[in-house]
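Scroll down for the structure; my scribbles are underneath it.
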Protein chains: 2
Amino acid sequence: MASVKAEESVTDTISFLLAKLGQLANGRFADRLAPLGLRPRHCAVLELLTGPPKAQLELATTIGVTPSVVVDMLDELEQVDAIRRVRDRADRRRQLIELTPAGHELRQRAVALAREADDSLLDGLDAAQTAALRAGLQRIADSTLGR
Amino acid sequence: MASVKAEESVTDTISFLLAKLGQLANGRFADRLAPLGLRPRHCAVLELLTGPPKAQLELATTIGVTPSVVVDMLDELEQVDAIRRVRDRADRRRQLIELTPAGHELRQRAVALAREADDSLLDGLDAAQTAALRAGLQRIADSTLGR
DNA sequence: TATTGTTATACTCTATAACTATA
DNA sequence: TATAGTTATAGAGTATAACAATA
């Protein structure tokens with residue numbers, strides 16, 4: 001009779017590993033981004049703004065953070081000239097956020113740095129293992145974050 | 001000519017996914033642990049203490065946190081009667097930390113909760129995908145955290 | 001002098017609630 | 001009245017530095 005392999009320790013659990021490695025990955029990526037004046041959380045904003053301009057509340061709900069966090073992030077992105085806030089003339093309460101040319105450039109540099117971080121993190125894995133890992137993570141992300 | 005598939009966006013990067021999902025996994029596990037008076041970070045301590053008693057500094061270096069964090073965690077674990085601090089008679093500066101019977105029980109309940117968290121997180125993955133994900137994460141953990 | 005554990009302090013990240021200006 | 005954005009504030013979580021007791 002086949003029996004499902006169960007972990008005997010919390011630390012072997014995927015939830016625990018994910019939490020620990022997530023912290024590590026975030027820290028390493030943050031170190032690489034620091035010279036650009038960016039932090040990991042800014043990247044989700046930069047990605048979203050490659051499309052048409054978006055209101056701040058729209059950014060907040062899409063990324064899944066509270067509106068006041070968006071204010072802070074945009075303040076910081078504005079300081080490095082990555083974004084512009086443009087008052088919506090149809091509804092003067094809203095501000096449409098758009099990426100500047102410098103912002104597009106920053107985003108591309110961030111992508112390159114993220115790849116570097118991946119390479120260092122995935123050093124011991126071959127292509128198939130990396131692909132399987134990415135697929136698993138993406139699937140979890142789709143079923144949780146996207147919902 | 002084969003070319004390596006490269007991500008076009010930071011958010012598709014394994015580093016970024018890991019950071020985001022790690023935060024999610026940690027939060028969900030924390031919610032489950034809360035009724036026990038525990039948080040995820042306590043679990044690494046409980047696991048280590050299933051073996052022979054250890055000094056606080058040993059816990060700190062093994063887990064990879066700063067000594068003052070260990071003090072806090074042990075204070076909290078002491079409040080739920082999970083551990084005992086026993087002064088080392090050979091070197092009175094040291095305190096040997098040992099798991100109480102209640103601590104052993106708490107650890108086992110934490111393992112069960114972590115498995116529940118895994119099940120909910122891995123809902124959309126089949127056994128092979130789950131195994132591949134675990135293997136990838138474990139390999140990264142071994143090459144980074146263990147170093 | 002060096003080491004173990006502790007305390008005090010500060011910094012990051014995030015969330016809540018009160019406020020403003022517009023609708 | 002309700003909504004978009006802002007500010008002020010507070011709570012986790014972690015790290016650094018100064019300190020007491022012991023070696």
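As the structure is a computational prediction, the values presented were derived from the model and not from experiment. We name chains A, B, ... by the order of the sequence lines, and we start the count at 1 in each one.
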For the pair made of [atom1] in [X] and [atom2] in [N], what is the distance, rounded to whole Å?
| X | N | atom1 | atom2 | answer |
| --- | --- | --- | --- | --- |
| Asp72(A) | dG5(D) | CG | P | 14 Å |
| Gln23(B) | dT12(C) | CD | P | 17 Å |
| Leu77(B) | dG5(C) | CG | P | 15 Å |
| Glu76(A) | dT12(C) | CD | C1' | 11 Å |
| Asp75(A) | dG5(D) | CG | C1' | 11 Å |
| Leu74(B) | dT6(C) | CG | C1' | 12 Å |
| Leu96(B) | dT4(C) | CG | P | 12 Å |

Inset, instruction - Using a strict 4.0 Å threshold on nitrogen-to-oxygen distance, state whether Arg41(B) and Glu76(B) make a salt bridge. - result: yes
Inset, instruction - Take Val70(B) and Ile63(B) through the side chain to side chain contact (heavy atoms under 4.5 Å, CB included) test and state the conclusion after the steps. - result: CA-CA 9 Å; Val70(B) 172; Ile63(B) 298 174; 5.6 Å; no
Indicate yes or no: at least one non-hydrogen side-chain atom of [X] is less than 4.5 angstrom from one of [Y].
| X | Y | result |
| --- | --- | --- |
| Leu17(A) | Asp12(A) | no |
| Glu116(A) | Leu113(A) | yes |
| Leu77(A) | Leu46(A) | yes |

Legend entry - Interface residues of residues 42-64 of chain B with DNA chain C (non-hydrogen, below 4.0 angstrom): Ala55(B), Gln56(B), Leu57(B)
Legend entry - Expected output: side-chain Glu98(A) to main-chain Arg85(A) donor-acceptor under 3.5 Å: no
Inset, instruction - Look at Arg94(B) and dT6(C) and indicate whether a side-chain polar atom (N or O) is within less than 4.0 Å of OP1 or OP2. - result: no
Inset, instruction - Using a 4.0 Å heavy-atom cut-off, write out nucleotides 16-23 of chain D from 5' to 3' as B (base contacted by protein), S (sugar-phosphate only) or - (no contact). - result: B-----BS
